[in-house]
Amino acid sequence: MLDLAIIGGGPAGLSAGLYATRGGLKNVVMFEKGEPGGQITGSSEIENYPGQKNPGESGMDFMSTWAPQCMKFGLKHEMVNIIRVSQNADKTFKIVFDGGKEESAKSVIIATGSTPRRAGFKGEDEFFGRGVSTCATCDGFFYKNKEVAVLGGGDTAIEEAIYLANICSKVYIIHRREGFRAAPTTLEKARKNEKIEFITSATIKEAYGDKMGLNGLILNTKDGERDLKVPGIFTFVGLNVNNEILKQENGEFLCKMTNEGQVDVNLKMQTNIPGLFAAGDIRKDAPKQVVVAAGDGAVAALSALSYVESLN
Ligand code: FAD
Ligand code: NAP
């Protein structure tokens with residue numbers, strides 16, 4: 001029986017692991033389906049985490065020290081996809097692995113974060129991985145000295161467009177409105193970049209190509225249809241929270257959720273089920289920032305420590 005199971009190894013899960021193990025919990029396992037680090041490892045740069053030695057470093061470099069620090073204090077990492085968390089009759093938790101294996105824990109922190117949303121235009125799925133991408137750091141280099149498009153008007157789209165402009169000959173930012181969600185300073189930087197062209201009040205009607213991959217996009221713009229001959233489109237249209245593991249066999253969620261599918265927690269990151277906590281992008285009203293996810297993880301771990309102690 002684990003004292004604490006942490007599901008997800010992004011900033012929230014890793015921070016929870018650090019605080020739980022340093023706080024004295026002995027049997028703590030972080031279940032992460034990939035390498036620890038979370039979604040920020042797909043980002044070309046991060047510069048807004050307080051105290052960073054190298055602002056502007058890649059998300060991968062930034063996160064590289066987090067897991068080793070946690071392991072030093074006794075956090076164990078198991079690389080596995082968790083498919084469900086439910087509650088046993090004795091109020092402990094059952095963690096179900098992909099493949100059927102099960103583990104029990106006295107307390108659980110859900111830190112499964114979020115994943116990029118699909119935009120929904122024709123051809124998006126057909127050319128996904130063959131011209132359509134959600135990761136500029138991973139795929140940008142394939143388009144060295146070529147023209148590419150970026151879809152979206154949030155922080156991710158604008159930041160990644162600036163990154164792509166360092167590699168590609170031209171970057172078109174396609175956005176469905178005139179106004180942008182992205183931070184004004186980031187937007188300003190993009191507007192000053194000569195390699196970036198904004199196409200606003202525009203949507204993608206269709207992505208077209210052949211067996212080799214994407215050849216272009218047909219856009220609906222305020223001036224009519226436009227054929228954008230690009231071999232690559234990077235879509236950054238927001239995130240879906242990864243809440244599937246809380247769905248029970250009867251289709252209901254294990255704990256109280258918001259209408260948007262986020263976990264409803266209080267300021268101690270407690271859900272309405274004693275012993276079950278949530279931290280980071282998955283929780284209600286998350287500002288979706290690394291510093292907040294890390295803070296949440298610490299709070300959730302401290303709450304889990306008190307909970308486990310209260311059982312003795
Ligand atoms: P995540 O980082 O999403 O981590 C969740 C982890 O859980 C993942 O590693 C995932 O593999 C794992 N997981 C999910 N489901 C399961 C399962 N069923 N079983 C096992 N493991 C599972 N924030 C900033 O503060 N500054 C920035 O500059 C910044 N830039 C960004 C750039 C990009 C391109 C993106 C996508 C995000 C950026 N963010 C930035 C936001 C930031 O990355 C997130 O807010 C933060 O990573 C959330 O941390 P988390 O631990 O809650 O979730
Ligand atoms: P986001 O803020 O939700 O922005 C998504 C963008 O995609 C919006 O401009 C939206 O348009 C557009 N969009 C949504 N669905 C679309 C569709 N089907 N077709 C075309 N366009 C569509 O997502 P994000 O940029 O990934 O950011 C997610 C969170 O992470 C935010 O809270 C953000 O602040 C944070 N983040 C922070 C940083 C940083 O701090 N430096 C960096 C990256 C991300 P509308 O505006 O019209 O809705």
Side-chain angles (χ1 to χ4, degrees), residues 5-17 30-50 52 55-59 62-63 66-67 77-85 95-98 109-121 124 134-138 150-160 163 173-183 185-186 200-204 234-246 263 278-283 285-297 300:
I6 300 167
I7 322 291
L14 285 163
S15 168
M30 181 183 75
F31 298 100
E32 162 59 58
K33 63 184 170 188
E35 290 296 334
Q39 54 178 290
I40 191 67
T41 58
S43 173
S44 53
E45 61 160 50
I46 171 162
E47 61 178 17
N48 59 359
Y49 194 88
Q52 257 181 289
E57 66 199 309
S58 73
F62 172 71
M63 289 307 295
W66 289 45
H77 165 217
E78 204 166 318
M79 200 186 278
V80 61
N81 182 34
I82 301 302
I83 57 165
R84 192 164 52 253
V85 173
I95 294 116
V96 184
F97 295 22
D98 201 356
I109 296 175
I110 307 291
T112 45
S114 50
T115 42
R117 201 177 281 154
R118 293 280 168 106
F121 54 84
E124 183 181 26
T134 54
C135 181
T137 328
C138 324
V150 162
L151 181 68
D155 282 313
T156 307
I158 309 305
E159 284 182 8
E160 297 308 293
Y163 169 77
I173 296 179
I174 305 163
H175 180 40
R176 62 186 179 186
R177 294 189 293 129
E178 292 297 315
F180 287 81
R181 286 170 198 259
T185 47
T186 313
T200 50
S201 299
T203 54
I204 300 175
F234 291 83
T235 59
F236 302 111
V237 295
L239 305 160
N240 286 330
V241 285
N242 300 322
N243 60 18
E244 302 80 11
I245 63 166
L246 289 167
V263 182
D281 278 13
I282 184 77
R283 60 98 166 159
D285 295 335
K288 301 203 169 67
Q289 294 289 293
V290 174
V291 66
V292 179
D296 281 4

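These numbers come from the heavy atoms of this one structure, side chains and all, not from hydrogens, waters or symmetry mates. As the structure lists them, so they are numbered: ligands from 1, and atoms in each ligand from 1. Just so it is clear, the model here is predicted, and its values are computed rather than measured.
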Close side-chain approach of Ile82 and Phe97, heavy atoms under 4.5 Å | yes
Those atoms of ligand 1 less than 4.0 Å from some heavy atom in Ala111 | 5 (C), 6 (C), 7 (O)
Below 3.5 angstrom, do we get any N/O pair linking Ile82 and ligand 1?
-> yes
The atoms of ligand 1 lying under 4.0 Å from a heavy atom of Phe31, numbered in the order shown, are 20 (C), 21 (N)
Can you produce the list of protein nitrogen or oxygen atoms under 3.5 Å from a nitrogen or oxygen of ligand 2, alongside each distance?
from, atom 1, to, atom 2, distance (Å)
ligand 2, 9 (O), Gly153, N, 2.9
ligand 2, 9 (O), Gly154, N, 3.4
ligand 2, 11 (O), Arg176, NE, 3.2
ligand 2, 11 (O), Arg176, NH2, 3.4
ligand 2, 18 (N), Ala119, O, 3.0
ligand 2, 25 (O), Asp155, N, 3.3
ligand 2, 25 (O), Thr156, N, 3.1
ligand 2, 25 (O), Thr156, OG1, 3.2
ligand 2, 26 (O), Thr156, OG1, 2.9
ligand 2, 34 (O), Asp155, OD2, 2.8
ligand 2, 40 (O), Asn48, ND2, 2.9
ligand 2, 40 (O), Gln289, OE1, 3.1
ligand 2, 40 (O), Gln289, NE2, 3.0
ligand 2, 41 (N), Glu159, OE2, 2.6
ligand 2, 46 (O), Arg177, NE, 3.4
ligand 2, 46 (O), Arg177, NH2, 2.8
ligand 2, 46 (O), Arg181, NE, 2.8
ligand 2, 47 (O), Arg176, NE, 3.0
ligand 2, 47 (O), Arg177, NE, 2.7
ligand 2, 48 (O), Arg176, NH2, 2.9
ligand 2, 48 (O), Arg181, NE, 3.2
ligand 2, 48 (O), Arg181, NH2, 2.6

Can you name the closest pair of heavy atoms from Leu14 and Gly9 and give their distance?
-> CD1-O, 3.4 Å
Counterpart residues, salt bridge (Lys or Arg N to Asp or Glu O under 4.0 Å), relative to Glu78 (two or more places apart) | Lys101
Could you tell me which residues satisfy salt bridge (Lys or Arg N to Asp or Glu O under 4.0 Å) with Asp281, sequence neighbours excluded, listed by chain and number?
-> none
Could I get the full list of salt bridge (Lys or Arg N to Asp or Glu O under 4.0 Å) partners for Arg118, not counting sequence neighbours?
-> Asp125
Shortest non-hydrogen contact from Ala16 toward Ile6 | C-CD1, 3.9 Å
Using a 4.0 Å heavy-atom cut-off, say whether Ser114 meets ligand 1 through its side chain, its backbone, both or neither.
-> backbone
Kindly indicate, with the supporting measurements, whether the criterion side chain to side chain contact (heavy atoms under 4.5 Å, CB included) is fulfilled by Thr137 and Tyr163.
-> CA-CA 8 Å; Thr137 328; Tyr163 169 77; 4.2 Å; yes
For ligand 1, note which part of Asp155 has a heavy atom under 4.0 Å away: side chain, backbone, both or neither.
-> neither
What are the atoms of ligand 1, with element, lying closer than 4.0 Å to any heavy atom of Ala12?
-> 51 (O), 52 (O)
Ligand-residue contact atoms, ligand 1 with Val290, heavy atoms, under 4.0 Å = 23 (N), 24 (C), 25 (O), 42 (C)
Residue part near ligand 1, for Ile245, under 4.0 Å between non-hydrogen atoms | side chain
Could you list which atoms of ligand 1 come closer than 4.0 Å to a heavy atom of Asn81?
-> 17 (C), 18 (N), 19 (N)
Name the option, out of Glu78, Glu35, Gln39, Met79, that contains the heavy atom nearest to atom 1 (P) of ligand 1.
-> Gln39
Does the side chain of Ile158 reach to within under 4.5 Å of the side chain of Ile173, using non-hydrogen atoms?
-> yes
Look only at the side chain of Gln39 and the backbone of Gly113, and say whether a donor-acceptor pair between them is shorter than 3.5 Å.
-> no
For residues Gly56 and Glu45, report the shortest heavy-atom separation together with the two atoms involved.
-> O-CB, 3.4 Å
Do the non-hydrogen side-chain atoms of Val263 and Asn243 ever get within less than 4.5 Å of each other?
-> no
Per atom 49 (O) of ligand 1, closest listed option by heavy atom (Pro11, Gly280, Gly10) = Pro11
Ligand-residue contact atoms, ligand 1 with Val80, heavy atoms, under 4.0 Å | 19 (N), 20 (C)
Kindly say whether Val150 contributes a backbone atom to a donor-acceptor pair with the side chain of Glu160 at under 3.5 angstrom?
-> no
Polar atom proximity, Glu160 to ligand 1 (N or O, under 3.5 Å) | no
Side-chain donor or acceptor of Thr186 paired with backbone N/O of Asp155 under 3.5 Å = no
Heavy atom of Thr41, distance to ligand 1 below 4.0 Å = no
With heavy atoms under 4.0 Å as the rule, classify the contact between Thr156 and ligand 1 as side chain, backbone, both or neither.
-> side chain
Looking only at protein heavy atoms, what sits closest to atom 12 (C) of ligand 1 is Glu32 OE1, 3.1 Å
Residue Gly9 vicinity, atoms of ligand 1 by number, heavy atom under 4.0 Å = 6 (C), 7 (O)
